Each structure stands twice: as C-alpha cells, then as structure tokens.
Undergrad: 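Okay, handing you the structure first.
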Amino acid sequence: MSDSPPPADRPQALTAFFSRPALAVARDLIGARLAIDGVGGIVVETEAYAPDDPASHSYGGIRNRNRTMFGPPAHAYVYRSYGIHWCLNFVCLRGHAVLIRALEPQVGMTAMAERRSLDRQRLLCSGPGRLSQALGVDGTMDGLPLDRPPFSLTLPTEPAGIATGPRIGITRAAEQPWRFGLADSPFLSRRF
DNA sequence: GACTCGATTTCCT
DNA sequence: GGAAATCGAGTCG
C-alpha cells in the first residue's frame, strides 16, 4: 500500500455525490472547484434538468444526442447549442443532469483569455457557451468521467449562500426555480 | 438595456 | 424539408 495507493475513496465519493436527483446536485455544486487540464475555477451558477422535465433533453426518452444523460453518474454530458456553442453538463441519476452555467475563473486564466480572445475576467466564463470555450470543452469530452483527467472536481466543503431562480433560455417549464448560484457573484451569466 | 442576427445540429412531420 | 434549440456578440438608443 506504499507504492501507489489508488485513492479509491475519492471517485466513490464523487459517484455518490452525483447519484442523486439533479435538483440536489445542482444546489450542492455551487462553490465546487472545477478544472479541465488545469484551467478552471469556482462554480457559481448551475441549472437542474430531470427526465420528467419538459425543458430537459432527457424528456421523452433516450435519443442519440442525449444518450450520455442516461449513462452512469459523475460523467460529462456535452452537447452543441444553437449550432455554435458547446455546453457542459454533469450527469446525475439516470436522465438527470446539471448544466454548468458560470465559473469564477481562478486558474489558467491566461489560457482562457487566449481561447476567448478576451482579457476581462468577468466575461471569461459567465455563460455556458463562454465557459466551454474558455475551458476548451468540445464534443470529444462527452461521456468522460469526472474523477479522472482532464477533469478535476473538488466538492465544496461548506454550504454557500445560494440564490435560486427560474432557468434561462427555455420555453417549457420556465417557471421552475431550478437555477442556482451565488447571489452576489459578479461572474454570473445573469443576476438573480 | 433591449433587440437582432448568426450558424449548426437534432428531431419531428 | 423545416422548425426549434439549456447562446453570445454586436448594434442601436
């Protein structure tokens, strides 16, 4: 056990964390530290999507595009939005997923600025499409496990002051307050 | 701050 | 074949 003890505890903890409904996971992810290839920051905004939710990709059953949402928890679900942007989600219970909408940049900000052709921190990751561009997320990361590189995910140790509100950019079930975030963070895609 | 437009994939008819 | 889509940048006022 002295050579290279595989930290079997961490991945299990991550799997357990994500083996819950998206609503619970989305709330508890606020304050987590996410990095991809050493580029990332603090999660400040999420949204929950569930199988019985008309706004969710998983609504209506399994399809080619949403296959990953029905796979094992603690994996990435990446899809293209409006044909232009990539969006990063984390798979929870079967058919549940959490959309990562905004980060507070902390590490690798040079790489982010380069990918985004921007230097203003506030705009680096304040939105799902921007975040994906800044972190280099694309379709090849769909289905990758979150407990191994290039992903690095550290769960929050203490509860944060969480604000809730209606989700953004959807037409069905738009009234559900399934958006979560740090109310006073300047890095939100939109204020609550 | 509000509005318009771009550009691609997926799914339904 | 066509509409809708978990958006962002640019423009106008």
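On a predicted model such as this, the values are computed, not experimentally measured, just so you know. Residue numbers start from 1 in every chain, and the chains themselves are labelled A, B, ... in the order their sequence lines are given, proteins ahead of strands.
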Undergrad: Under 6.0 Å between the ring centres of A:His57 and A:Tyr79?
TA: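 When the ring centroids of A:His57 and A:Tyr79 are compared, they turn out to be within the sub-6.0 Å range.
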Undergrad: Starting from C1' on C:dG8, measure out to CD1 on A:Ile168 and report it in whole angstrom.
TA: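 After rounding, the reported distance stands at 13 Å.
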Undergrad: May I ask you to establish whether A:Arg167 and A:Tyr49 are in a cation-pi arrangement, using a distance under 6.0 Å from NZ or CZ to the six-membered ring centre and at most 45° from the ring axis?
TA: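 Relative to the ring axis of A:Tyr49, which defines the angle, A:Arg167 lies inside both limits.
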Undergrad: Which nucleotide, B:dT8, C:dC7, C:dA5, lies nearest any side-chain atom of A:His57?
TA: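 Among B:dT8, C:dC7, C:dA5, the one nearest the side chain of A:His57 is C:dA5.
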Undergrad: For B:dA7, give its Watson-Crick or G-U wobble partner with both distances under 3.5 Å, or none.
TA: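 When the pairing criteria are applied, nothing turns out to pair with B:dA7, so the answer is none.
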Undergrad: Does A:Arg179 count as lying over the ring of A:Phe192, i.e. NZ or CZ under 6.0 Å from the six-ring centre, within 45 degrees of the axis?
TA: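 Pair A:Arg179/A:Phe192 counts as cation-pi.
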Undergrad: What does C:dT6 pair with, Watson-Crick or G-U, if both distances are under 3.5 Å?
TA: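 Partner of C:dT6: none.
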Undergrad: Mind checking whether A:Phe90 and A:Phe18 have ring centres under 6.0 Å apart?
TA: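 Centroid distance A:Phe90-A:Phe18: below 6.0 Å, so yes.
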Undergrad: Between C1' on B:dT8 and CH2 on A:Trp86, what's the gap in Å once rounded to a whole number?
TA: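 After rounding, the reported distance stands at 10 Å.
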Undergrad: Send over the distance from A:Ile84 CD1 to C:dT6 P, rounded to a whole Å.
TA: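 A:Ile84 atom CD1 is separated from C:dT6 atom P by 13 Å.
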Undergrad: Can you tell me the distance, in whole Å, between the CG atom of A:Asp142 and the P atom of B:dT9?
TA: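 Between P of B:dT9 and CG of A:Asp142: 15 Å.
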Undergrad: Would A:Arg20 and A:Phe17 count as a cation-pi pair here, with the cationic atom under 6.0 angstrom from the ring centre and within 45° of the axis?
TA: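 Yes, a cation-pi geometry.
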Undergrad: Just how far, in rounded Å, is C1' of C:dT6 from CD of A:Glu47?
TA: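 Interatomic distance, CD of A:Glu47 to C1' of C:dT6: 6 Å.
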Undergrad: Send over the distance from A:Arg67 CZ to B:dT10 C1', rounded to a whole Å.
TA: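 Nearest whole value for this atom pair: 15 Å.
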Undergrad: Would you tell me if any nitrogen or oxygen in the side chain of A:Arg130 comes within less than 4.0 Å of OP1 or OP2 on C:dA9?
TA: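 It does, given that an N or O in the side chain of A:Arg130 lies less than 4.0 Å from OP1 or OP2 of C:dA9.
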Undergrad: Can you tell me how far P of C:dA4 sits from CZ of A:Arg65, to the nearest Å?
TA: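 Distance check: A:Arg65 CZ to C:dA4 P gives 15 Å.
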Undergrad: Measure from the side-chain heavy atoms of A:Arg80 and tell me the nearest of B:dT9, B:dC11, C:dT6.
TA: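 Of the candidates, B:dT9 comes closest.
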Undergrad: Hey, is A:Tyr82 doing a stacking thing with B:dT8, by the 5.5 Å centroid and 30° angle criteria?
TA: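 Not stacked by the 5.5 Å and 30° rule.
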Undergrad: Tell me: CZ of A:Arg116 to C1' of C:dG10, nearest whole Å?
TA: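 Result: 14 Å.
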Undergrad: Any side-chain N or O of A:Thr171 less than 4.0 Å from the OP1 or OP2 oxygen of C:dA5?
TA: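 Yes, within the criterion.
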Undergrad: Would you say A:Arg101 reaches C:dC7's phosphate, i.e. side-chain N/O to OP1/OP2 under 4.0 Å?
TA: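 Checking C:dC7 against A:Arg101, a side-chain N or O does come within under 4.0 Å of OP1 or OP2.
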Undergrad: Ignoring hydrogens and angles, are the base of B:dT9 and the side chain of A:Tyr79 linked by a donor-acceptor pair under 3.5 Å?
TA: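 No, no donor-acceptor pair under 3.5 Å.
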